[in-house]
Amino acid sequence: MTDKKNLRTPIVCVMGHVDHGKTTLLDKIRGTAIVRGEAGAITQHIGATEVPIDAIVDKLGDPRLRDHFIVPGLLFIDTPGHHAFTTLRSRGGALADLAIVVVDINEGFKPQTYESLQILKRFKTPFVVVANKIDRIGGWVSQKDLPFAATFKKQSYDVQAMLETKLYEVIGELYNQGFAAERYDRVTNFQKMLGVVPVSAVTGEGIPDVLMVLLGLTQKFLEANLQYSAKGPGVGTVLEVKEEKGLGATLDVILYDGTLKKGDTVVIGSLGEPIQTKVRALLKPRELSEIRYESKFQQVNKVTAAAGVKISAPGLEGALAGSPIRVATEENLDEIVAQVKSEIDEVRIDTGSVGILIKADTLGSLEALVHEFRKDEVPIRKAEVGDISHRDAIEASTVEDPLYSVLIGFNVKVHPDARDFLQESTVKVLTSDVIYRLVEDYQKYVKEQQE
Ligand code: GDP
Ligand code: MG
């Protein structure tokens, strides 16, 4: 049996289209009611929640399971529906060890459902699909917090048939996206087939099943990847750069490896040279709570992966969301700075030759866009994090070929002076908060030009 102490907490990312129930699902898992405190129940920020294994076992309702599981718990990341789950990157891959894709069983697939699947496929992240809102199926009689099989048995024949019909529409969509899937209790081999769990995030039906499948995936796929040395230098990803009263610019970070201590020297990616600074304070949310709802942060001296932590330090203003943060020592500082810089440069493009210009809100979304356009062999002149500036507008206007005199913006603003300039110019501007829509819009534009 593996020593539990050597395994870090897996990071679970909750993805899916806006309003399909990500926050409610996490809320149910946590047993708190954060969604009710939200403006319009829309997630405003990225947060993380650590759910210890004991709390999960409680939900499973069988204490004998406690010794069975090898991980200390699960770290859930809630990603806002229309912003930046693409910040969830780590060097060369996905930050998330596992994911949950939430689909409203009554609405089916939507743009961000497809986008979530594309990203998971690209990074080969194991995941489970949650077919949510089964309580909205006509005639459904809710059985609070029961496992799926138990609540399913209590439904009438017609309601059961309706659920199966809707479920197999979801499974059909997954198949169209290149995933073999089945209702999770009909899956015999999770390495070959995706499990779909029918749930209600509101009534809690099916939630124990989701947790079981997640823990099962952990045991199957991740054991080897989760070994870490608690003594190793901390490595993480910046989720958000946030202004906090009395603290100035702070970073919300997911630490995915090693340990981060107060007083540590850290190197963080920025638009220019990487930032080098010393950690003034580490602010951690309590277990079963969220960073963004903690009015009083709890100061800690160190955190160990995996953890969501807020970092207060001088000079964080220019830090980039989605960029790496690494602990350095006096001896290896130069090396770490070079490493962080190369991680940023891998994503950024500035060729000065003919091609489109891409601007995105985070390093992760930029990386995803560059990947998609390269796949279509579209030349890129510049790809950079940030809003569309006057300079970008001018630069795009210098490209003579109309196919490439194009500015692509993902989740970014157009500066007023850039807007004025662009109105007078022939530059094509495409903005969206859905990656593949930008790719499609561009393809459409190219077709129009060629006709
Ligand atoms: P998110 O944007 O994906 O985070 O979605 P939310 O969790 O904010 O949910 C959007 C809306 O759907 C809210 O009004 C929720 O109360 C509702 N909702 C979420 N899950 C369920 C469910 O299982 N059943 C029902 N009836 N409503 C749900
Ligand atoms: Mg939400």
Side-chain angles (χ1 to χ4, degrees), residues 18 39-40 42-46 80-87 111-112 238-245 248-251 269-273 275 315-323 344 347-352 354-370 372-373 378 380-442 444-446 448-449:
V18 63
I42 289 172
T43 308
Q44 309 284 2
H45 303 282
I46 289 176
H82 39 253
H83 171 74
F85 56 65
T86 46
T87 53
Q112 275 145 350
V238 177
L239 290 185
E240 265 193 291
V241 186
K242 260 197 203 153
E243 199 70 26
E244 296 286 352
K245 253 200 195 128
T250 66
L251 303 181
S270 84
L271 279 179
E273 284 298 303
I275 297 166
L316 295 176
E317 291 75 22
L320 274 184
S323 82
I344 305 281
V347 181
R348 199 157 59 189
I349 294 177
D350 195 352
T351 59
V354 171
I356 61 170
L357 274 77
I358 304 175
K359 304 289 299 230
D361 62 339
T362 71
L363 213 56
S365 51
L366 189 68
E367 184 177 45
L369 276 165
V370 166
E372 290 304 318
F373 281 105
V378 178
I380 301 167
R381 177 187 170 100
K382 190 162 96 175
E384 199 174 69
V385 172
D387 291 332
I388 294 176
S389 67
H390 190 229
R391 211 184 50 174
D392 298 327
I394 293 174
E395 193 170 337
S397 75
T398 64
V399 180
E400 272 169 31
D401 188 336
L403 292 186
Y404 305 132
S405 186
V406 177
L407 258 170
I408 304 279
F410 177 79
N411 250 329
V412 295
K413 294 195 202 73
V414 182
H415 285 176
D417 51 350
R419 193 180 302 265
D420 293 344
F421 180 90
L422 288 165
Q423 262 158 12
E424 306 289 311
S425 81
T426 56
V427 175
K428 181 74 182 171
V429 183
L430 300 169
T431 56
S432 174
D433 57 6
V434 178
I435 289 171
Y436 85 86
R437 193 165 279 165
L438 285 168
V439 176
E440 274 180 12
D441 286 351
Y442 179 72
K444 220 167 39 194
Y445 169 72
V446 169
E448 282 163 15
Q449 288 296 311

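Values below: every heavy atom of this structure, side chains too, minus hydrogens, waters and symmetry copies.
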Assess whether side-chain contact (heavy atoms from CB on, under 4.5 Å) is satisfied between H390 and F421, documenting all intermediate values.
CA-CA 7 Å; H390 190 229; F421 180 90; 3.9 Å; yes
Do V385 and L271 pass the side-chain contact (heavy atoms from CB on, under 4.5 Å) test, and can you show the C-alpha distance, the side-chain angles, and the key distance before you say yes or no?
CA-CA 8 Å; V385 172; L271 279 179; 4.2 Å; yes
Kindly indicate, with the supporting measurements, whether the criterion side-chain contact (heavy atoms from CB on, under 4.5 Å) is fulfilled by D441 and Y445.
CA-CA 6 Å; D441 286 351; Y445 169 72; over 6 Å; no
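When side chains are defined from C-beta on, V414 does not count as touching L407, because their heavy atoms never get closer than 4.5 Å. Residues T398 and R381 are in side-chain contact: their nearest non-hydrogen atoms beyond the backbone lie under 4.5 Å apart. Between L363 and I344, the closest side-chain pair of non-hydrogen atoms falls below 4.5 Å. Looking only at side-chain heavy atoms (C-beta outward), K382 and D392 come within less than 4.5 Å of each other.
Within a 6.0 Å radius of CD in E448, more than 12 heavy atoms belonging to other residues, nucleotides or ligands are found.
Taking CG of L369 as the reference point, atom OG of S432 lies at 9.5 Å (rounded to 0.5 Å). Atoms CG and CD, from L316 and E243 in turn, are 10.0 Å apart once rounded to the nearest 0.5 Å. Summarising the geometry, atom CG belonging to L320 is positioned 9.5 Å from atom CG belonging to L366; distances are rounded to the nearest 0.5 Å. Summarising the geometry, atom CD belonging to E367 is positioned 10.0 Å from atom CD1 belonging to I435; distances are rounded to the nearest 0.5 Å. R437 CZ to L430 CG: the interatomic distance, rounded to the nearest 0.5 Å, is 12.5 Å. A distance of 5.5 Å separates CG in N411 from CG in D433, rounded to the nearest 0.5 Å.
Scanning both residues, S405 and S397, for their nearest heavy atoms gives OG-CA, 4.2 Å. Counting all heavy atoms, side chain and backbone alike, I358 lies closest to F373 at CD1-CD1, 3.8 Å. The shortest non-hydrogen separation linking L403 to I356 is O-CG2, 4.1 Å. Heavy atoms only, all atoms of each residue included: F410 and V434 are closest at CE1-N, 3.7 Å. Closest approach of A383 to R348, counting heavy atoms only: O-CG, 3.2 Å. Listed here is the closest heavy atom pair of V354 and V399: CG1-CG1, 4.1 Å.
For Y404, there are no ring-ring contact (aromatic ring centres under 6.0 Å, His included) partners at least two apart in sequence or on another chain. Under the rule for a side chain to side chain contact (heavy atoms under 4.5 Å, CB included), the partners of V412 that lie at least two apart in sequence or sit in another chain are K359, D361, D387, I388.
Side-chain N or O atoms of D420 include none that pairs as donor or acceptor with a backbone N or O of D417 at under 3.5 Å.
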